[in-house]
Every structure is written in C-alpha cells, then in structure tokens.
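What you see is a predicted model; the values in this text were computed from it and never measured. Order of the sequence lines fixes the chain letters, A, B, ..., with proteins taken first and strands second; residue numbering starts at 1 for each chain.
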Protein chains: 2
Amino acid sequence: MVVSLDKRKSDGTVGKALEILDLVASFGRPVRFSDVLDVAEFPKATVYRFIQTLTSQGMLSYDPDRQTYALGIRLVRLAHSAWQQSSLAPVAHPHIEKLAGDVGETVHLAQLDHAQVLYVDKIDPGKPIEMFSQAGKVGPAYCTGVGKAMMAYLEALHLAEVIGQQSFHVFTENTLSDEAALRAELIDIRSNGYGFDREEHEPDIICVALPILTARGRVLGALSVTSSTQRTNLAALEALVPRIQVAVTAIANEAESWRFPDQSKFQSIETAKG
Amino acid sequence: MVVSLDKRKSDGTVGKALEILDLVASFGRPVRFSDVLDVAEFPKATVYRFIQTLTSQGMLSYDPDRQTYALGIRLVRLAHSAWQQSSLAPVAHPHIEKLAGDVGETVHLAQLDHAQVLYVDKIDPGKPIEMFSQAGKVGPAYCTGVGKAMMAYLEALHLAEVIGQQSFHVFTENTLSDEAALRAELIDIRSNGYGFDREEHEPDIICVALPILTARGRVLGALSVTSSTQRTNLAALEALVPRIQVAVTAIANEAESWRFPDQSKFQSIETAKG
DNA sequence: AAACCAAGTTTCAAATAATGGAACCAAAGT
DNA sequence: ACTTTGGTTCCATTATTTGAAACTTGGTTT
C-alpha cells in the first residue's frame, strides 16, 4: 500500500555501516563503543567491526585518551569537495553575499535533504560568519520558509513522501500542525511564487523565502531573508521579494548553465591501434 | 598495538565503497558513470552497484538533467556534526577569532589527516570568510608551517609513516626537498616550540605555527599566523609567538577538559530508523 | 588476594551478500 | 539498417559478513 517509505532500506553492508555512522552523529558528542552498541540494532561483534572499519577509514576518529569515537576528519574533507562540486552553492555564494548586504538582513541558502531542510550557506551582514557551525545545519521543512518554498514545487509523488516524513511538532502557536494545513499553505505559496515563515518555528523569527528552480521546474534549493518581528514585519519582507527574485533567477540560470572547467577530460580513448 | 594506518588497506566492502567516494571527490566536478569506471579498479557491474548504493544513501547525488553524480548533501550534514563534536574546532574558534583581530593577520587552525594538513578553521580579519571554500581544504605537511609544527611532535613510528607519505615536491626555492632536511627542521622546531614557513609552499607567503598538544603530549592540531613578505618578515612574526602561545595553551586546556553539554538538547535530528 | 563485573576484543562455521563475465537495452553515430 | 557507446540487469560462483559464545583486560568489591 505505502510506496516504499523504507527510508533506510538496508543497502547491504555499506548501508549498515553508514547507519552506524549516523548513529554516532546523532549523539552530538563523542561516544564510547557501548553507547553505540546500546542504540544499534546489530549484535556486539558486528557493531564492533563496523566501528573498526569506519575508524580505519577515517570516517570516525578515535580519541585514545578518552576512549571515545567521534565523526572523522575525512568527512570534513569530503564535505569541502561536496560543497565545491555542487552546482548550486558556489555559484550562489556571491549573489547571496550581495543580497545580504543589499537588504541588511540574514540570508540563508537551503537544500532539501530527505525530508529535512539543510542550510548550505548563510550570510549575516552583521556578525562574522561561523563556518561549519552554521552550514550543514538541518531543520524541519514544514515550518520554515525555505522548507515550504521547496515543498510547494515538488512533484506530487515526491511531495507525498516528504510530507509523510514531517513530524508536525508544534513549536509555536503559528506552527502548521497537520498535513491539511500544510498542503493549503503550499498551494498558496505556489500561486504567489514565494512563502513566509510567520513565527512558525521560533517566536519573533519571520522570513520570506523563494524557491530556486531549473528551467524544467526541478527544485534546486531555496533562498530566504530572515529577520525578527522586533525589527520588521511581514509586509516589509514581502516588499523585498523582487530583489530576492533577481538573485534567485540569476542563481538558477548560472547553476544550470555552469560548466565545470576542464570538461575536456575525455582526452583520448581513441583506438590507439597503431 | 599501534594501529598502522596503511592508507590503501581495503577494509572489505565498506572500504571499497569509500574508495569510489574518494574517486568521485577527486574529479572536483560532477562525473558520469563512465568517468568513474575509467579510473576505478573494479569491474563495471561492481562500480555500478557501489554508485547506486552510495546515491541511494545520499553520499552521492545524481543530477538527472545532466546525468552526472556529485558528492552528496549527506556529507555536508555529517561534516557539520563532525565539526561540532570535535573537541578542538568549536573550542578553538573564539580564541582564533580573538587572536586574528589581535594581530591583524590571517589565522589558520589545522589538523593532520593521514599525511596531509587539513584546515579546519580560518579567520581573515579583513575579508568576509568563505565557508566551505576554505575549511576542509587540504595541503602538504612537509612545506607548511602547521604541517611541520605537528610533525615535530609525533612519536617516532607515526612520524616515520607520515614522512614516508610526503611527496617532497619542490614548490619554491625554499621548499625542503628531502627527508633529511625535513627531519633536521623538525628537531629545530621541537627545541623552539614553534616553526616557520619560509616561503616554502608559495612565494611571499610566510607564517609562524605552533602545535596544540594535550597534557600527555599528543598532537591535537596546530595554529598559524600567516602573512606575506610584503607586509612583514619572519622576525616580526616570531615576536607574535607569545600571544599565539596564550591562545594555544588556552585551546589545549579547554579541549582536554571540555565536557559536551547534555545531549537532550540535540537529538531528534536523526530519526534513526523509522 | 581472590572473586567479580563491565567493557572491549577475538574466534569460526554457517549464512549471506558481493562479485563480475556476459548478456541486454537505449540512444547516438555512421 | 548496422555499429558503437554508455548504462543496466542477470545469476551462478565465490568471498565476505555474520553473531553466539568464548576470551581478555582493567577496574571494583568482598
């Protein structure tokens, strides 16, 4: 009946190993072997071997003084490559920077990761930027501006799956608390081309968000301008939409036409039969 | 006893899958299936299955418009957790920020990743920071200030292995070009407690670097203050050592005594299975 | 000091998943 | 219509993973 909501359809050994990796991540702090064992659904020896393998591979790091494991440094290196070879984030960065300076408010760039919002870039025109402490952060999709803006443009099947994974936890009195309310809101967003966060996630925090779409209509990400009710209001944020739209359009175009340098890696497989 | 870090020790299926991941990363741009196949040492069907698995797991992302694979968004999320749960980077950040403002020069925080230097944080008191574009970057160990500072305090066995993996490629006329020269320099650094980069990697770029050590003498990372010969000189940088030392000592102490806050506040990010 | 306990590590036959040669398919080229 | 290129699937063989249990290590209690 349900269209495979098995989000973790155990992809063989590799899938299981990555499950352990996620488990370590979920603690948010370095962990002992037994911490992992307690929450893992594999037997002792299996968990042990996975942790050994992941450590030897640099996906986990072991602190011999405290006898704890944490996520490894190799992930930081890989994430750097991921960010760099993404067609969105590097292209968007200068536009976001300009927009942030322009409107004098915090700008977020987000993408959809499974059913969550993942912030891939952030510019706060006031404070110095915090690096990994902000980028890489995840949040709920159903109660953030960027999340709703992206969901509004998903095709039906994908949307159903994403909605099915929302928790609909009530954070504030404005939080959309069920699927019906969310779907109504998404239709609204789609007809306007932009959406708001009306203090749905955190009190006093409001934002406008626009989706970043390919020419074919595929969702690449979303851009939002965030502020607080103490500084501004929804109407004022709405007035910024045209300026955000300019940035969004530019990003979408560049992201789609962007060719990575050295596309001529094809060199020669030409039958060197001479 | 000591875990010998044979860098190419294929740890079963998981190791092979991660090898494919590294391969994709090494292109620095989105790749086609055949791109990976060409450089991989596994047969077609095997590479295919690994790519499928990694994609389904979010470690790779697939662009259906261009039919290319890139490193996945899940890595960014994991790297965020890695950075956060590292006992070094988050603790060091405020100190680095203060130091950078204090001395008015660029400050780097690096760790050793296999035999390379990995920059985990960077503050440039002039420009706005570029996020992932800087953090996660790797560089050679034998010709950078941070690299040498860390190597100087490794125990013999580990050092031998790290040195064995250095390329000793000559970047400038000051580059240390063989093991003997490097070892001599390391002894020197150890006796001083700090080291320099004397335009060994890039012309005009110089720096002082200090290792960050645990009370037991284990190397946690290194801190450097970087500048150019047009702005300053080695003697002036050397004069900054006491101030850097203050930061380094503070970071080392905090990193070792750091207790992670109660985990109850985090959680919920990864609804583990279901 | 012996007994105990908890945490971590190793073993090994059975169960399972990975392997890869080859066939297959689709689209582009000739 | 035929060939090539790039990508996907099959399936019998093979190698790897699995996990209960035994073992080791280090710390605590009696």
Side-chain angles (χ1 to χ4, degrees), chain A residues 4 6 8-21 23-24 27 29-57 59-70 216 260 263-274, chain B residues 1-6 8-21 23-24 27 29-57 59-70 216 273:
Chain A
S4 74
D6 345 79
R8 294 280 191 280
K9 50 180 166 187
S10 187
D11 277 310
T13 311
V14 175
K16 291 176 200 167
L18 294 175
E19 203 173 307
I20 296 290
L21 200 64
L23 239 39
V24 174
F27 278 86
R29 59 172 173 82
V31 291
R32 259 180 293 287
F33 168 69
S34 54
D35 292 332
V36 182
L37 182 59
D38 289 344
V39 295
E41 55 184 2
F42 306 115
K44 213 178 187 184
T46 302
V47 173
Y48 180 75
R49 245 177 299 102
F50 276 135
I51 288 184
Q52 290 295 98
T53 302
L54 290 169
T55 303
S56 135
Q57 287 291 328
M59 301 297 280
L60 291 178
S61 69
Y62 181 66
D63 180 336
D65 294 339
R66 299 180 183 191
Q67 302 182 174
T68 55
Y69 297 89
R216 284 179 196 78
F260 278 79
Q263 194 80 318
S264 62
K265 180 107 186 181
F266 302 107
Q267 41 182 49
S268 63
I269 303 177
E270 50 216 11
T271 56
K273 59 176 71 167
Chain B
M1 355 215 88
V2 177
V3 188
S4 64
L5 315 159
D6 320 76
R8 290 292 175 198
K9 181 153 195 170
S10 184
D11 281 305
T13 309
V14 174
K16 291 175 201 167
L18 294 175
E19 205 174 304
I20 296 290
L21 201 63
L23 240 39
V24 174
F27 278 86
R29 59 172 174 83
V31 292
R32 291 187 123 52
F33 168 68
S34 55
D35 292 332
V36 183
L37 182 58
D38 289 344
V39 295
E41 55 186 1
F42 306 115
K44 212 179 187 184
T46 302
V47 173
Y48 181 74
R49 242 177 305 101
F50 275 135
I51 289 185
Q52 289 295 98
T53 302
L54 289 170
T55 303
S56 135
Q57 287 290 328
M59 301 298 278
L60 291 177
S61 68
Y62 180 66
D63 180 336
D65 294 339
R66 298 180 185 190
Q67 301 182 174
T68 56
Y69 296 89
R216 286 178 194 78
K273 182 154 182 171

Would you check if B/Y48 and B/L37 make a side-chain contact, meaning some heavy-atom pair closer than 4.5 Å? no
Do B/F50 and B/V36 make a side-chain contact, defined as non-hydrogen atoms from C-beta onward lying under 4.5 Å apart? no
Contacts of A/D38 meeting side-chain contact (heavy atoms from CB on, under 4.5 Å) (sequence neighbours excluded), chain-then-number -> none
Residues in side-chain contact (heavy atoms from CB on, under 4.5 Å) with A/S61, at least two apart? A/A70
Of the options D/dT9, C/dT9, C/dG8, whose atoms approach the side-chain atoms of A/Y48 most closely? C/dT9
So do the side chains of B/R29 and B/D35 get within less than 4.5 Å of each other, counting heavy atoms only? yes
As an exercise, state the distance from CG of A/L21 to CD1 of A/I51, rounded to the nearest 0.5 Å. 10.0 Å
To the nearest Å, how far apart are B/Q67 CD and D/dG6 P? 12 Å
So which protein N/O to nucleotides 18-21 of chain C N/O distances come out below 3.5 Å?
from, atom 1, to, atom 2, distance (Å)
C/dA18, OP1, A/T13, N, 3.0
C/dA18, OP1, A/T13, OG1, 3.4
C/dT19, OP1, B/K16, NZ, 3.1
C/dG20, OP2, B/T46, OG1, 3.3
C/dG20, N7, B/R49, NH2, 2.9

Report all interatomic pairs (protein N or O, nucleotide N or O of nucleotides 25-30 of chain C) with separations under 3.5 Å.
none

Round to a whole Å and report the spacing from CZ of A/R32 to P of D/dG26. 17 Å
Would you kindly give the CD-to-P distance between A/E41 and D/dG19, to the nearest whole Å? 10 Å
B/I51 CD1 to D/dG7 C1': how many Å, rounded? 11 Å
To the nearest angstrom, the CD-P distance between A/Q52 and D/dT18 comes to 14 Å
By ring pair (Phe, Tyr, Trp, His ring centres under 6.0 Å), which residues pair with B/Y69, not counting sequence neighbours? B/Y62
Find the distance A/I20:CD1 to D/dG19:P and express it as a whole number of Å. 11 Å
Quick one, B/F27 and B/R32 - any side-chain contact, counting heavy atoms below 4.5 Å? no
